[in-house]
There are 2 protein chains.
Amino acid sequence: MTTAPHTKAGRRGRPGYDLESVLRVAVKLFNERGYDGTSMEDLARKLGITKSAIYHHVPSKQELLRLAVDRALDGLFGVAEEAEKLAGPAIERLEFLVRGSVAVLVDRLPFVTLLLRVRGNTKVERDALARRREFDRIVADLVAMAESEGDIRPDVDPAITARLLFGMVNSLIEWYRPKRGDTDIADTVARIAFEGMRPRS
Amino acid sequence: MTTAPHTKAGRRGRPGYDLESVLRVAVKLFNERGYDGTSMEDLARKLGITKSAIYHHVPSKQELLRLAVDRALDGLFGVAEEAEKLAGPAIERLEFLVRGSVAVLVDRLPFVTLLLRVRGNTKVERDALARRREFDRIVADLVAMAESEGDIRPDVDPAITARLLFGMVNSLIEWYRPKRGDTDIADTVARIAFEGMRPRS
């Protein structure tokens with residue numbers, strides 16, 4: 001009897017893994033030890049299965065990385081596409097994008113953490129960096145448009161404003177850990193970013 | 001004839017290195033390949049000198065790391081001490097701290113980059129993380145004080161405001177590269193952080 005690769009059913013009496021759980025453990029290891037510092041051997045040991053059992057699900061370590069960073073990027077681009085479809089001023093689309101990005105970050109924290117640490121030594125990493133640049137361009141264009149509509153302060157270069165905005169958003173991977181009863185972190189980020197730390201009179 | 005370790009004078013006809021230039025090259029390699037991924041052998045090859053020539057300046061790789069992260073931390077704590085000595089409301093001390101931290105970051109970019117990537121596997125790294133936490137506490141205390149003085153919006157947890165503020169500041173290591181004729185980046189960060197992206201009427 002064989003087991004479909006994407007179910008959690010056991011294989012030969014051992015606890016089984018589907019691609020999703022292999023991926024989650026791989027991402028955890030990549031984040032702890034670095035992608036280069038993690039071997040398929042390490043992953044097999046951590047999962048308590050053989051390397052060939054992993055290759056049953058996924059052809060290579062690179063492919064695990066690709067699946068992981070795409071999980072983060074697809075979430076962010078999904079929000080960007082929704083934002084672009086909205087009617088109304090650019091500032092509202094930008095705020096939608098910021099709130100949605102925070103939600104993706106919180107929901108897919110280990111995947112986004114891995115994405116933001118990618119440095120570009122392999123094809124998969126270079127592709128991920130190219131998609132990140134494309135996302136940054138979408139943000140910068142929205143900031144520039146909102147500035148030309150008079151809704152973003154004109155005394156700062158829109159490219160720098162965009163960088164600082166997502167510097168704030170992306171910092172969540174370093175310190176944010178969801179807790180029960182949290183106030184909405186997306187709302188908090190949006191308030192501080194758009195309105196500033198000082199009270200508005 | 002021996003050469004004092006801290007001069008740039010040549011040794012035996014080869015271009016010489018002082019501790020400072022060994023440190024700068026080491027930090028560059030650590031940032032490119034990771035601290036764990038860089039051996040003293042790699043550093044010797046990059047410098048074009050022998051390992052024993054490096055040990056003439058510094059006893060170990062750990063000591064290079066310690067010197068590097070302390071360069072960053074000493075800068076940040078120097079600013080924090082100056083900020084604490086100022087008279088006036090907490091919001092002014094906080095703004096001084098933000099502007100000063102940005103200046104340290106820009107001035108010591110490779111050192112701060114290394115500091116912010118430290119993950120804590122060795123004593124030197126754990127010590128650096130402890131000093132970072134102490135610095136974060138200083139920031140959080142100032143934000144809380146400024147909030148109690150009515151100068152920071154009361155609708156956000158001061159600890160989170162402090163995190164977002166330095167998330168924005170620290171993001172500079174990812175994207176900021178000083179250019180001739182730049183407007184003052186410390187001023188830009190302070191404006192966006194304190195006043196927000198939206199224009200104030």
Side-chain angles (χ1 to χ4, degrees), chain A residues 31-37 91 94-95 98 102 116-117 119-121 132-133 136 143 146-147 149-176 182-185 187-201, chain B residues 31-37 91 94-95 98 102 116-117 119-121 132-133 136 143 146-147 149-176 182-185 187-201:
Chain A
N31 281 332
E32 283 167 10
R33 310 179 185 182
Y35 173 70
D36 292 329
I91 188 95
L94 182 63
E95 187 164 337
V98 167
V102 171
L116 295 179
R117 291 188 187 157
R119 288 285 170 269
N121 301 317
R132 273 196 68 186
R133 279 193 297 274
D136 289 348
V143 171
E147 184 175 317
E149 290 170 7
D151 292 321
I152 294 266
R153 54 191 311 149
D155 57 348
V156 175
D157 176 348
I160 291 184
T161 301
R163 294 288 199 177
L164 289 171
L165 172 60
F166 270 77
M168 189 182 265
V169 170
N170 292 340
S171 79
L172 265 70
I173 66 161
E174 302 292 344
W175 58 267
Y176 183 70
D182 262 357
T183 48
D184 183 358
I185 186 70
D187 191 57
T188 301
V189 172
R191 270 194 243 176
I192 296 283
F194 288 86
E195 308 292 334
M197 297 192 307
R198 283 182 187 268
R200 297 214 165 199
S201 44
Chain B
N31 282 331
E32 282 168 10
R33 311 178 184 183
Y35 173 70
D36 293 328
I91 189 91
L94 182 63
E95 188 164 337
V98 168
V102 170
L116 294 180
R117 291 190 186 154
R119 288 283 170 272
N121 301 316
R132 273 196 69 187
R133 278 194 297 273
D136 288 348
V143 170
E147 184 175 317
E149 290 170 7
D151 292 320
I152 295 266
R153 53 190 312 146
D155 57 349
V156 175
D157 176 347
I160 291 185
T161 302
R163 292 288 199 177
L164 289 171
L165 172 61
F166 269 77
M168 190 182 263
V169 170
N170 292 340
S171 79
L172 265 70
I173 66 159
E174 302 291 345
W175 58 268
Y176 184 69
D182 262 358
T183 48
D184 183 358
I185 186 69
D187 190 57
T188 301
V189 172
R191 272 194 241 175
I192 295 284
F194 288 87
E195 308 291 333
M197 298 193 305
R198 283 183 187 267
R200 298 216 164 197
S201 43

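Reckoned from all heavy atoms, side chains included, excluding hydrogens, waters and symmetry mates.
- Within the model, atoms CD1 of A:Ile185 and CD1 of B:Ile160 stand 4.5 Å from one another, a figure rounded to the nearest 0.5 Å.
- Heavy atoms closer than 4.5 Å to chain A are found in the side chain of B:Arg119, but not in its backbone.
- Looking at B:Met197 and A:Glu95, their side chains never come closer than 4.5 Å, going by heavy atoms from C-beta outward.
- Looking at B:Asn170, there are no atoms closer than 4.5 Å to chain A (heavy atoms on both sides), in backbone or side chain.
- The parts of A:Asp155 that come within reach of chain B are both its backbone and its side chain, each placing non-hydrogen atoms under 4.5 angstrom from that chain.
- For the pair B:Leu164 and B:Val156, the minimum side-chain heavy-atom distance is 4.5 Å or more.
- Interface summary for chain B: among A:Arg153, A:Glu174, A:Glu195, A:Glu147, the most heavy-atom pairs under 4.5 angstrom belong to A:Arg153.
- Interface summary for chain B: among A:Asp187, A:Val189, A:Asp151, the most heavy-atom pairs under 4.5 angstrom belong to A:Asp151.
- Contact annotation for A:Leu116: neither backbone nor side-chain heavy atoms come within less than 4.5 Å of a heavy atom of chain B.
- Within the 4.5 Å cutoff, the side chain of B:Val98 has heavy atoms near those of the B:Phe194 side chain.
- Note on B:Val143, B:Thr161, B:Val169, B:Asp36: by heavy-atom pairs under 4.5 Å with chain A, the leading option is B:Thr161.
- For B:Arg163, the side-chain contact (heavy atoms from CB on, under 4.5 Å) partners two or more places apart in sequence, or in a different chain, are A:Trp175, B:Asp136.
- Summarising the geometry, atom CG belonging to A:Asn31 is positioned 5.5 Å from atom CZ belonging to A:Arg117; distances are rounded to the nearest 0.5 Å.
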